[in-house]
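All remarks here apply to the structure that follows.
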2 protein chains.
Amino acid sequence: MKPRTIGVAAREAGVNIETIRYYQRIGLIEEPPKPDAGFRLYPESTIERIRFIQRAKALGFSLNETTRLLELEDGRCEQTRELAESKLAVINTKIEDLSNMAAVLTEHIKCCQSNTDNQACPLISSLSSESLVVDDSSGN
Amino acid sequence: MKPRTIGVAAREAGVNIETIRYYQRIGLIEEPPKPDAGFRLYPESTIERIRFIQRAKALGFSLNETTRLLELEDGRCEQTRELAESKLAVINTKIEDLSNMAAVLTEHIKCCQSNTDNQACPLISSLSSESLVVDDSSGN
DNA sequence: CTTGACTCTGTACTATAGTACGGAGTTTAT
DNA sequence: ATAAACTCCGTACTATAGTACAGAGTCAAG
């Protein structure tokens, strides 16, 4: 096993080195202490943290929001319950929206298969009702 | 009923005027023809399209990806089935990830209530396995 | 028939999330 | 022991998604 220096860590996490440095600069992940000899070494937990950040981004969370989500990771009930509740509400709305889109797409694909051809795909109206979830991105 | 000029449209869609112009510039929405007298008027369908774009953004789709989603709206089976299938796969992965996060948060909140205090909240590991969904954003 | 609110066009600026790169130091493979 | 590959640090650049604003035109209410 070769030591997990930043380059190895980046490959494992599927991001590039500069992204790791960037996350360190903005305080999203910790920079490991510089050892007396040799290069900084990155623990497994940091790799997982980075992967989580990437996934959260793909789910529409900004880095600020993701920072709040990560506070839940090791926060304690007193401070985090309210946050957990509000994030849960956001997540449930996202799930609902995505489920509606999935239903429309599934229907569309079925129509295509049964060859009742030239079926439209009313995706827009799948998300018609009032939101809650349209971009705050400040993380609060 | 006052005519739906750009300012009214922006208020209805919940974005600002410049955003509408920006979407027009990049071809995401059509610019209504300029009438011989008076200002451009925006149809209801454009408002819905803008709202859809905002929701899609909150669900982690880039404007490029959203452009592809909107092609499904009035595209026909021959051209769109493959696209629909790949978008459905992406959406289902997002739903799975969000559901896992929701489960962890729900559990966390329950623990807090039953006062078994100082429960951690293993959000990171809720998204542990291999993805599929980590940011392409080119829309393909 | 003028004043205040709005539109139109174009250009410039901003925030977020990275990427790239130069130059110096460190490590490792030969 | 030296070259190739990597780390470190700082600064600068980029893409995406808007925002802001100046200056000219248009509209509608008093």
Side-chain angles (χ1 to χ4, degrees), chain A residues 1-42 46 49-68 70 134-140, chain B residues 1-42 46 50 52-68 70 134-140:
Chain A
M1 260 183 234
K2 66 182 67 168
R4 197 189 282 106
T5 55
I6 197 170
V8 177
R11 243 167 285 136
E12 279 184 36
V15 298
N16 84 39
I17 291 178
E18 311 302 329
T19 301
I20 293 185
R21 293 201 209 286
Y22 174 65
Y23 288 171
Q24 286 171 349
R25 248 181 297 137
I26 66 175
L28 241 183
I29 60 177
E30 257 186 86
E31 180 163 45
K34 185 164 175 154
D36 286 358
F39 301 132
R40 293 172 209 279
L41 297 176
Y42 289 76
T46 295
R49 209 174 159 91
I50 295 168
R51 288 206 190 109
F52 178 85
I53 295 165
Q54 298 296 304
R55 304 286 283 277
K57 211 185 37 161
L59 296 170
F61 294 101
S62 69
L63 294 186
N64 273 329
E65 290 173 298
T66 303
T67 303
R68 306 305 313 280
L70 285 167
V134 180
D135 247 348
D136 167 8
S137 99
S138 70
N140 304 296
Chain B
M1 258 181 235
K2 65 180 71 166
R4 195 189 282 107
T5 56
I6 197 168
V8 178
R11 245 167 284 138
E12 280 184 36
V15 298
N16 84 38
I17 291 178
E18 311 302 329
T19 301
I20 293 184
R21 294 202 210 282
Y22 173 66
Y23 287 171
Q24 286 171 348
R25 249 181 297 136
I26 65 175
L28 241 183
I29 60 177
E30 256 185 83
E31 180 164 45
K34 186 166 173 151
D36 285 359
F39 302 132
R40 291 171 212 278
L41 297 175
Y42 290 76
T46 295
I50 295 167
F52 178 84
I53 295 164
Q54 299 296 305
R55 305 285 282 277
K57 211 185 38 164
L59 296 170
F61 294 100
S62 69
L63 295 187
N64 273 327
E65 290 173 299
T66 304
T67 302
R68 305 303 316 277
L70 285 167
V134 181
D135 247 348
D136 166 5
S137 101
S138 69
N140 303 292

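Order of the sequence lines fixes the chain letters, A, B, ..., with proteins taken first and strands second; residue numbering starts at 1 for each chain.
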**OP:** Check A/E30 against A/Q24 and note the closest heavy-atom contact, atom names and distance.
**Re:** O-NE2, 3.9 Å
Original post:
When rounded to the nearest 0.5 angstrom, what distance separates CD in B/E65 from CG in B/L59?
Top reply: 11.0 Å
Subject >> Letter per nucleotide, 5' to 3', of nucleotides 22-30 of chain C [B base touched, S only sugar-phosphate touched, - untouched; heavy atoms, 4.0 Å] >> reply: ---BBS---
Subject >> d(CD1, A/I17; C1', D/dG10) in whole Å >> reply: 16 Å
**OP:** Heavy atoms only: give me the nearest A/A10-A/I17 pair and the separation to one decimal.
**Re:** CB-N, 3.8 Å
Original post:
To the nearest 0.5 Å, how far apart are CZ in A/R49 and CG in A/L70?
Top reply: 4.5 Å
**OP:** Identify the residue among A/R21, A/R40, A/R25 that makes a salt bridge (Lys or Arg N to Asp or Glu O under 4.0 Å) with A/E31.
**Re:** A/R40
Subject >> Rounded distance (nearest 0.5 Å) linking atom CD1 of A/I20 with atom OG1 of A/T46 >> reply: 8.5 Å
Subject >> A/Y42 versus A/T5, closest heavy-atom pair with distance >> reply: CD1-C, 4.0 Å
Original post:
Atom CZ of A/R4 and atom P of D/dC6: how far apart are they, to the nearest Å?
Top reply: 17 Å
Any protein N or O atoms within reach of nucleotides 1-3 of chain D? Criterion: under 3.5 Å, listing atom names and distances.
none

Original post:
Within this structure, what is the CG-to-C1' distance between A/N16 and C/dA20, rounded to whole angstrom?
Top reply: 9 Å
Subject >> Candidate pair B/Y22 and B/L28, rule side-chain contact (heavy atoms from CB on, under 4.5 Å), full reasoning >> reply: CA-CA 9 Å; B/Y22 173 66; B/L28 241 183; over 6 Å; no
Subject >> Value rounded to 0.5 Å, distance of OG1 in A/T66 from CD in A/Q54 >> reply: 9.5 Å
Original post:
Considering all heavy atoms of both residues, which atom of B/I50 and which atom of B/A13 are nearest to each other, and what is their separation?
Top reply: CG2-CB, 3.7 Å
Original post:
Rounded to the Å, how far apart are A/F61 CZ and C/dA17 C1'?
Top reply: 17 Å
Subject >> Euclidean distance, atom CD1 of residue B/I6 to atom P of D/dT19 [Å, nearest integer] >> reply: 13 Å
Original post:
A/I53 CD1 to C/dA17 P: how many Å, rounded?
Top reply: 11 Å
**OP:** Residues of residues 18-26 of chain A with any non-hydrogen atom less than 4.0 angstrom from an atom of DNA chain C: list those, numerically ordered, please.
**Re:** A/E18, A/T19, A/Y22, A/Y23, A/R25
**OP:** Measure across A/R4 and A/V8 and return the closest heavy-atom pair with its distance rounded to 0.1 Å.
**Re:** CG-CG1, 3.9 Å
Subject >> Phosphate-side-chain proximity, A/T5 and D/dT7, N/O vs OP1/OP2 below 4.0 Å >> reply: yes
